[in-house]
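Please read the structure below before turning to the comments.
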Protein chains: 2
Amino acid sequence: MSLFGGLSAFPLTATDKEGRLMSDVLERHLERIVLAGPDSVGLLGSTGSYAYLTITERKHVLRVAIQVLKGRTPLIVGIGALRTDDAADLARDAAEAGAQGLLLAPMSYQKLTKGEVYSHFKTVAAAGGLPLCIYNNPGTTNFTFSHELIARLSELPNIDAVKMPLPADGDFVGELATLRSVTPASFSIGYSGDWGAKDALLAGADGWFSVVAGLLPSNAMQLTRAAMAANIEETKIIDQRFNPLWALFKEFGSFRVMYALANRLDGDGIEPLRPVRPLPLEVHDRIDAALAFFKGPSFS
Amino acid sequence: MSLFGGLSAFPLTATDKEGRLMSDVLERHLERIVLAGPDSVGLLGSTGSYAYLTITERKHVLRVAIQVLKGRTPLIVGIGALRTDDAADLARDAAEAGAQGLLLAPMSYQKLTKGEVYSHFKTVAAAGGLPLCIYNNPGTTNFTFSHELIARLSELPNIDAVKMPLPADGDFVGELATLRSVTPASFSIGYSGDWGAKDALLAGADGWFSVVAGLLPSNAMQLTRAAMAANIEETKIIDQRFNPLWALFKEFGSFRVMYALANRLDGDGIEPLRPVRPLPLEVHDRIDAALAFFKGPSFS
């Protein structure tokens with residue numbers, strides 16, 4: 001399987017209410033992920049606040065993770081930045097620090113053209129030299145990749161995968177067939193948007209880039225294994241346990257819910273970096289109720 | 001007139017092809033703006049690449065501008081940042097450095113809620129203490145201000161103005177009436193989107209936040225004066241001279257066109273910071289043709 005296939009678990013980058021990194025919490029989250037045995041860790045993704053951290057903070061977080069993982073789980077690191085020189089710097093640094101792969105989103109302020117995004121990816125991929133996954137996340141980057149642009153990028157030496165948002169029409173089978181017809185056989189196509197993971201994997205997607213696996217990696221592994229083995233009934237049963245959590249993800253955004261989830265699970269006392277704000281206390285009861293679905297006799 | 005009324009001229013922050021600041025070019029652009037006599041300079045707006053510069057670079061650019069302006073023209077400075085603490089830091093620094101006003105866009109990565117944007121603005125406005133203009137630019141920030149949110153923000157002590165994008169339906173009169181009905185009488189409502197300046201000002205907008213005035217300030221002043229005096233025929237004649245330039249702005253984005261325009265006007269040799277790329281050479285002929293409309297016997 002490709003470095004970018006299977007379950008990739010995206011940890012938060014824990015910060016306290018003053019915005020300071022809490023390395024001990026990050027280390028604990030990473031250790032739990034490793035023990036669950038996913039196919040990779042997706043450090044400093046959107047869930048890991050990469051867009052809000054300084055270049056220096058990001059390089060430090062990478063080193064904390066390398067120390068914890070000790071090569072036990074492959075490490076993919078988000079290197080997106082508004083400036084090409086910053087993203088290229090992070091790509092080189094990731095290679096030096098010992099990461100296995102890169103995840104690159106076309107962060108935007110001025111709306112970028114296809115040609116600008118192509119050149120940006122070419123430059124950054126060459127700088128890092130590591131296998132690189134295109135991070136297609138229009139909701140945060142304000143840029144949408146056409147199939148044609150993904151095809152052109154997949155021809156570049158080390159651009160090996162794409163992380164897709166859920167298709168608006170829900171047609172995973174059709175989208176996968178189209179993308180496979182224009183990319184190399186070795187090119188990996190995975191999805192983010194946790195509530196669509198079941199359908200994406202059952203439709204034959206290569207991987208699930210999972211937010212929830214940053215905190216509930218064992219449960220996410222169960223879902224991934226069942227779906228990738230095409231055990232449809234088992235997959236549905238496991239996915240149902242996640243349903244109350246998926247509802248919260250859709251209502252408040254998975255990023256905000258993850259902070260509250262971490263605090264309810266472990267009492268971490270972490271907060272998102274402002275301007276993003278913690279969810280109000282009344283949501284905590286719903287999170288506790290959602291977590292209860294994973295407990296009790298039916299939980300394996 | 002409010003600090004934010006009339007013509008605000010937005011200079012580029014000139015950089016060379018390696019991404020280094022070219023202070024001499026910035027100084028020359030600023031001097032030309034001052035001589036044309038606009039109502040303010042809009043430093044480090046979207047046109048001034050604020051989103052792509054480091055905090056340190058931005059503080060330096062502000063000091064270069066303060067030195068050039070010597071108080072001859074009021075200075076408004078863009079302080080938007082993805083993090084609230086960075087924006088607050090820039091707001092405090094702007095007050096210390098001697099700027100007259102602030103321009104704050106809700107830069108986003110995670111899609112922000114209304115409540116988050118309200119808290120962000122409240123914190124940053126209080127940190128700076130200077131008159132502040134809400135920068136409503138959904139195309140770059142991925143956040144759209146409702147009239148209700150503008151109304152709530154206008155109640156805060158030093159939030160004194162809004163910079164609006166062109167209304168999708170072109171109804172300036174209706175939008176201005178609605179906004180005026182929910183904001184204090186002293187609250188200033190101006191527009192960006194240069195090709196809509198004529199209609200905005202003729203409809204009674206308080207100001208024009210102008211990209212083109214960063215390089216052609218005298219021509220932009222003519223248009224502003226004619227429109228604010230409600231000289232409809234004169235306004236139309238002046239606006240027609242701009243038409244070929246407006247067409248290029250709409251086709252390529254005003255940000256990219258401005259770099260090419262600076263190079264055609266003055267031979268500056270500047271380039272946008274990557275990933276944004278210079279326009280292809282074939283556009284230069286169209287820019288020269290657009291500039292020719294401002295020359296010749298009909299030019300006053």
Side-chain angles (χ1 to χ4, degrees), chain A residues 15 18-20 46-47 49-57 78 80-88 104-124 137-143 251-256 258-259 272-280, chain B residues 15 18-20 46-47 49-57 78 80-88 104-124 137-143 251-256 258-259 272-280:
Chain A
T15 41
E18 271 80 41
R20 289 174 302 222
S46 296
T47 307
S49 298
Y50 81 91
Y52 298 97
L53 301 173
T54 66
I55 303 290
T56 307
E57 287 169 331
L82 282 165
R83 278 170 72 150
T84 303
D85 54 4
D86 284 336
L104 178 60
M107 276 184 80
S108 304
Y109 183 75
Q110 294 288 342
K111 211 158 174 54
L112 300 176
T113 67
K114 286 181 188 182
E116 287 168 344
V117 169
Y118 180 82
S119 297
H120 178 68
F121 272 70
K122 188 174 178 179
T123 301
V124 177
N137 192 349
T140 55
T141 64
N142 217 3
F143 182 85
E251 186 173 345
F252 298 105
S254 52
F255 185 69
R256 291 179 190 84
M258 284 286 280
Y259 282 85
L273 291 162
R274 302 290 183 277
V276 182
R277 296 187 71 81
L279 293 175
Chain B
T15 41
E18 271 82 40
R20 288 173 303 222
S46 295
T47 307
S49 298
Y50 82 91
Y52 297 97
L53 301 173
T54 65
I55 302 291
T56 307
E57 285 168 334
L82 282 165
R83 279 169 71 149
T84 303
D85 54 4
D86 284 336
L104 178 60
M107 276 184 78
S108 304
Y109 183 76
Q110 294 288 342
K111 210 158 175 53
L112 300 176
T113 66
K114 286 181 189 183
E116 286 167 345
V117 169
Y118 179 83
S119 297
H120 178 69
F121 271 70
K122 188 174 178 179
T123 301
V124 177
N137 191 348
T140 55
T141 65
N142 216 2
F143 181 84
E251 186 173 345
F252 298 105
S254 52
F255 185 69
R256 291 179 191 83
M258 283 286 279
Y259 283 84
L273 290 162
R274 301 291 182 279
V276 182
R277 298 186 71 80
L279 292 175

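Residue numbering restarts at 1 for every chain, and letters A, B, ... go by the order of the sequence lines. FYI, side chains are in, hydrogens and waters are out, and symmetry mates aren't considered; it's all heavy atoms of this structure.
- For chain A, the nearby part of B:Y50 is the side chain; its heavy atoms alone come within less than 4.5 Å.
- Both the backbone and the side chain of A:L53 come within contact range of chain B, each with at least one heavy atom under 4.5 Å from a heavy atom of that chain.
- Heavy atoms of A:S49 lying under 4.5 Å from chain B are absent altogether.
- In this structure, OG1 in A:T47 is found 7.5 Å from CD in B:Q110, a value given to the nearest 0.5 Å.
- For B:T113, the parts sitting under 4.5 Å from any heavy atom of chain A are the backbone and the side chain alike.
- Residues B:R274 and A:S119 have side chains not in contact (no heavy-atom distance under 4.5 Å, counting atoms from C-beta outward).
- With rounding to the nearest 0.5 angstrom, the CG atom of B:N137 is 5.0 Å from the OH atom of A:Y109.
- Put simply, of B:M107, B:H120, B:R277, the one with the most heavy-atom pairs under 4.5 Å next to chain A is B:R277.
- Put simply, NZ on B:K111 and CZ on A:R256 are 10.5 Å apart, with the number rounded to the nearest 0.5 Å.
- Counting heavy-atom pairs closer than 4.5 Å to chain B, the top-ranked of the candidates A:S46, A:S108, A:G139 is A:S46.
- Neither the backbone nor the side chain of A:Y118 comes within less than 4.5 Å of any heavy atom of chain B.
- You'll find the side chain of A:V276 reaches within 4.5 Å of the side chain of B:E116, heavy atoms only.
- Nearest approach of A:P275 to B:L82, heavy atoms of both residues: CD-O, 3.1 Å.
- For the atom pair OG1 of B:T84 and OH of A:Y52, the computed distance is 9.0 Å after rounding to the nearest 0.5 Å.
- When all heavy atoms of B:R83 and A:E57 are compared, the closest pair comes out as NH1-OE1, 3.2 Å.
- For A:L273, the part lying near chain B is the side chain, with the backbone staying farther off; criterion is any non-hydrogen pair under 4.5 Å.
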